[in-house]
Amino acid sequence: MASKSEKSGKPEYPKLVTAPPGPKAKELIAREKKVVSQGLGVKLFPVVPERGYGALIEDVDGNVFIDFLAGAAAASTGYAHPKLVKEVQEQVAKIQHSMIGYTYSKRAIEVAEILAEKAPIRDARVLFGLSGSDAMDLTMKVARFATRKPWFIAFIGAYHGQTYGATSIAAFQSSQKRGFSPLVPNVVWVPYPNPYRNPWGINGYEEPDELINRFLDYLEGYILAHVVPPDEVSVLIAEPIQGDAGIVVPPEGFFRELKRILDGYGILLAMDEVQTGIGRTGRWFASEHFRVEPDLLAFGKGVASGMGLSGVIGKAELMEMTSGSALLTPAANPVISAAAYATLRIIEEENILENVRKVGAFIMKRLREMQEKHEVIGDVRGKGLMIGAEIVKPGSKEPDPELTGKICWRAFELGLILPSYGMFGNVIRITPPLVITQELAEKGLEIMEQALKDALAGKVAHRTVTWH
């Protein structure tokens, strides 16, 4: 992989052998444009990874980047973790596919047992999917089947995914839905209680109870009283921390109070933990931070270190669906289940949750120190290694996506993969692999601050693109 430093024996990072994107990357990018639809994704950076180690990525030109993205927060154990590699290699040499819809799988059973044990849901059962998107479809199916009620409530700012069901409940960017109607009907959206930026103009950091009460009054006094009959609502679907909206952390008591209201109406609470789950926030699931027991919980992304496993964990009485109604042919196949089993064991045995809490606290501290020096950092928020820094125009809270994109582009030029996103495109996202060291995080933050200074000084001509 990367060359070694003669003094330390460690891979050099970052290491730029050519200005990125290099010639090999440019060639591959041009080839992709000829054969792959742009609907595949939003290309944040012109990076073509070749291999990785821990929280480092080497591209096809030999450039080594520090990775603050982790493949959309999915590469939880980093890259090429030897325990994961061993489990996957051994499993694929035995049998690569058995269809759990028709037969049984030892590896899938092992993974389900661990997830049921770790989830903040008593007497849990598990359904398996392939991605966070179809995990949300499964969540919708379970909720409607269990309650026989047609309506969903979801939050403005929620991403949830790209299948028809997930797109139908999402409200992140309107462009996600352009040209795809009619979508799944019977969805109503409510504002997320963002302490920094909410429709009521409340400072939720100074007055968290006021923000919670204002939201609950809106939910009961307007939505359930005038928009949708509460006895026909099956479930409210929420991210415990909104991800793509910009790492939005609600007040600590919000979900406990919300669950109390929902229980009174017989409405289920489903947590979309596709991004927040599997240790990302320093707990197995972010719901634990808010001391709430959801009825349903969706997982994905990091559960198999990005190798295509997802699903729903729910209370047993809710999960008794018609036989075969949640069947997906490659779901939890032996190889992916081996990757998930290895991931879950690595997190447990290597005390990864403690590393997430320690390194996450360090990053938050450094970002807040930057915030003291640079007024364009309007807000710093997050838990564990799910952190956002909101970039605003000086002297205001007005989002500044232009500056945000320039910061992230300059960071890329300096060897750091630092994405921007958020509802207004002005949030710097820090979601590195959970195994990142404090040393590596510190170097990444040094690059980020230099990129910020360069962007403010007018030295950056380009900017990253993000969702729009």
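Quantities reported herein were computed from a predicted structural model and do not represent experimental measurements.
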Asker: Do side-chain atoms of Ser310 reach the backbone of Leu130 as a donor and acceptor pair under 3.5 angstrom?
Answerer: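 Judged by distance alone, yes, a pair lies under 3.5 Å.
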
Asker: For the residue pair His81 / Glu350, report whether a side-chain donor-acceptor contact shorter than 3.5 Å exists.
Answerer: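 Yes, His81 and Glu350 have a side-chain donor paired with an acceptor closer than 3.5 Å.
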
Asker: Would you call Glu87 and Arg107 a salt bridge, taking side-chain N to carboxylate O under 4.0 Å as the test?
Answerer: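 Yes.
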
Asker: Between Glu232 and Arg148, does any side-chain N to carboxylate O distance fall below 4.0 Å?
Answerer: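 Here Glu232 does not pair with Arg148 in a salt bridge, since their nearest N and O are not under 4.0 Å apart.
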
Asker: Are more than 12 heavy atoms from other residues, nucleotides or ligands located less than 6.0 Å from atom CD of Glu320?
Answerer: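 Result for CD/Glu320: open.
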
Asker: Please give me the minimum heavy-atom distance between Tyr164 and Pro182, naming the atom from each residue.
Answerer: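 In this case the closest contact between Tyr164 and Pro182 is CE2-O, 3.9 Å.
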
Asker: Look at Glu110 together with Lys106 and state whether they make a salt bridge at an N to O cut-off of under 4.0 Å.
Answerer: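 Counted as a salt bridge, because a side-chain N and a carboxylate O are separated by less than 4.0 Å.
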
Asker: Kindly say whether Met271 contributes a backbone atom to a donor-acceptor pair with the side chain of Glu239 at under 3.5 angstrom?
Answerer: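 No, the answer is negative, given that no donor and acceptor are paired below the 3.5 Å cut-off.
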
Asker: Should the pair Arg291-Glu252 be classified as a salt bridge under the 4.0 Å nitrogen-to-oxygen rule?
Answerer: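 A salt bridge is present here (some side-chain N lies under 4.0 Å from a carboxylate O).
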
Asker: If every non-hydrogen atom of Met386 is compared with every non-hydrogen atom of Ile241, which pair is closest and at what distance?
Answerer: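 Nearest heavy atoms, Met386 then Ile241: CE-O, 3.8 Å.
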
Asker: Honestly, is Lys118 close enough over Phe285, meaning NZ or CZ under 6.0 Å from the six-membered ring centre and within 45° of the axis?
Answerer: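 Verdict for Phe285: no cation-pi partner in Lys118.
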
Asker: Quick one: does any side-chain atom of Glu273 pair with a main-chain N or O of Ala286 as donor and acceptor, under 3.5 Å?
Answerer: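 Side chain of Glu273 to backbone of Ala286, a donor-acceptor pair under 3.5 Å: yes, one is there.
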
Asker: Check Gly388 against Val427 and note the closest heavy-atom contact, atom names and distance.
Answerer: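 The answer is CA-CG1, 4.0 Å.
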
Asker: Set out, in order, the CA-CA distance, both residues' side-chain angles and the distance that settles salt bridge (Lys or Arg N to Asp or Glu O under 4.0 Å) for Lys393 and Glu375, then state yes or no.
Answerer: CA-CA 8 Å; Lys393 294 183 178 179; Glu375 64 173 331; over 6 Å; no

Asker: Can you confirm whether the side chains of Thr343 and Thr77 place a donor and an acceptor under 3.5 Å from each other?
Answerer: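 Short answer, no.
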
Asker: Charged N to carboxylate O under 4.0 angstrom, Lys373 versus Glu369?
Answerer: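 Looking at Lys373 and Glu369, the cut-off is not met.
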
Asker: Can you find a side-chain donor-acceptor pair between Tyr421 and Asn426 that sits under 3.5 Å?
Answerer: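 Absent: no donor and acceptor within the cut-off.
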
Asker: Side chain of Arg368, backbone of Val380: donor and acceptor closer than 3.5 Å?
Answerer: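 Flag set: sc Arg368 to bb Val380 pair under 3.5 Å.
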
Asker: Can you check whether Val184's main-chain N or O pairs, donor with acceptor, with Ser168's side chain at less than 3.5 Å?
Answerer: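 Checked: pair present.
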
Asker: Would you call the rings of Phe299 and Phe128 parallel, tilted or perpendicular, where under 30° means parallel and over 60° means perpendicular?
Answerer: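 Rings of Phe299 and Phe128: perpendicular, over 60°.
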
Asker: Which pair of non-hydrogen atoms, one from Ser98 and one from Ser105, has the smallest distance, and what is that distance?
Answerer: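 Heavy atoms of Ser98 and Ser105 come nearest at OG-CB, 4.1 Å.
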
Asker: Using only atom types and a distance under 3.5 Å, with no angle test, would you say the side chain of Lys141 pairs donor to acceptor with the backbone of Ser325?
Answerer: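 Such a contact is found between Lys141 side chain and Ser325 backbone.
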
Asker: For the backbone of Gly302 and the side chain of Ser76, can you confirm whether one donor and one acceptor N or O come within less than 3.5 Å of each other?
Answerer: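 It does hold such a pair.
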
Asker: Quick check: closest heavy atoms across Leu309 and Val303, and the distance to 0.1 Å?
Answerer: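 Closest approach of Leu309 to Val303, heavy atoms only: O-CG1, 3.3 Å.
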
Asker: Between His289 and Thr281, do the side chains contain an N or O donor and an N or O acceptor separated by less than 3.5 Å?
Answerer: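 Side chains of His289 and Thr281: pair found under 3.5 Å.
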
Asker: State whether the side chain of Arg429 and the backbone N or O of Leu69 hold a donor-acceptor pair below 3.5 Å, judged by distance alone.
Answerer: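 Not at all, since once roles are kept as given, no pair shorter than 3.5 Å links the two residues.
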
Asker: Given 3.5 Å as the limit, does a donor-acceptor pair link the side chain of Asn198 with the main chain of Pro191, or not?
Answerer: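 Pair absent, no side-chain N/O of Asn198 close to backbone of Pro191.
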
Asker: Charged N to carboxylate O under 4.0 angstrom, Lys397 versus Glu390?
Answerer: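 Salt bridge absent between Lys397 and Glu390.
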
Asker: One thing to verify: whether Asp379 and Arg197 come together as a salt bridge, which I'm taking to mean a side-chain N less than 4.0 angstrom from a carboxylate O.
Answerer: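 No, this pair does not count.
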
Asker: Report yes if the distance between the aromatic ring centroids of Phe155 and Phe215 is under 6.0 Å, otherwise no.
Answerer: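 Ring-ring flag for Phe155/Phe215: true, centres closer than 6.0 Å.
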
Asker: Do Thr163 and Met136 touch side chain to side chain, with heavy atoms closer than 4.5 Å?
Answerer: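 Thr163 does not reach Met136 side chain to side chain.
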
Asker: Between Tyr265 and Glu220, do the side chains contain an N or O donor and an N or O acceptor separated by less than 3.5 Å?
Answerer: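 Per modelled atom types, Tyr265 and Glu220 side chains form a pair under 3.5 Å.
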
Asker: Within the structure provided, determine whether Arg463 and Arg410 are in side-chain contact (heavy-atom separation under 4.5 Å).
Answerer: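 Not touching, per the 4.5 Å side-chain cut-off.
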
Asker: Quick check against the 3.5 Å criterion: does Lys149 have a side-chain atom that pairs as donor or acceptor with the backbone of Gly266?
Answerer: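 Yes; judged by distance alone, with no hydrogens or angles, the pair exists.
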
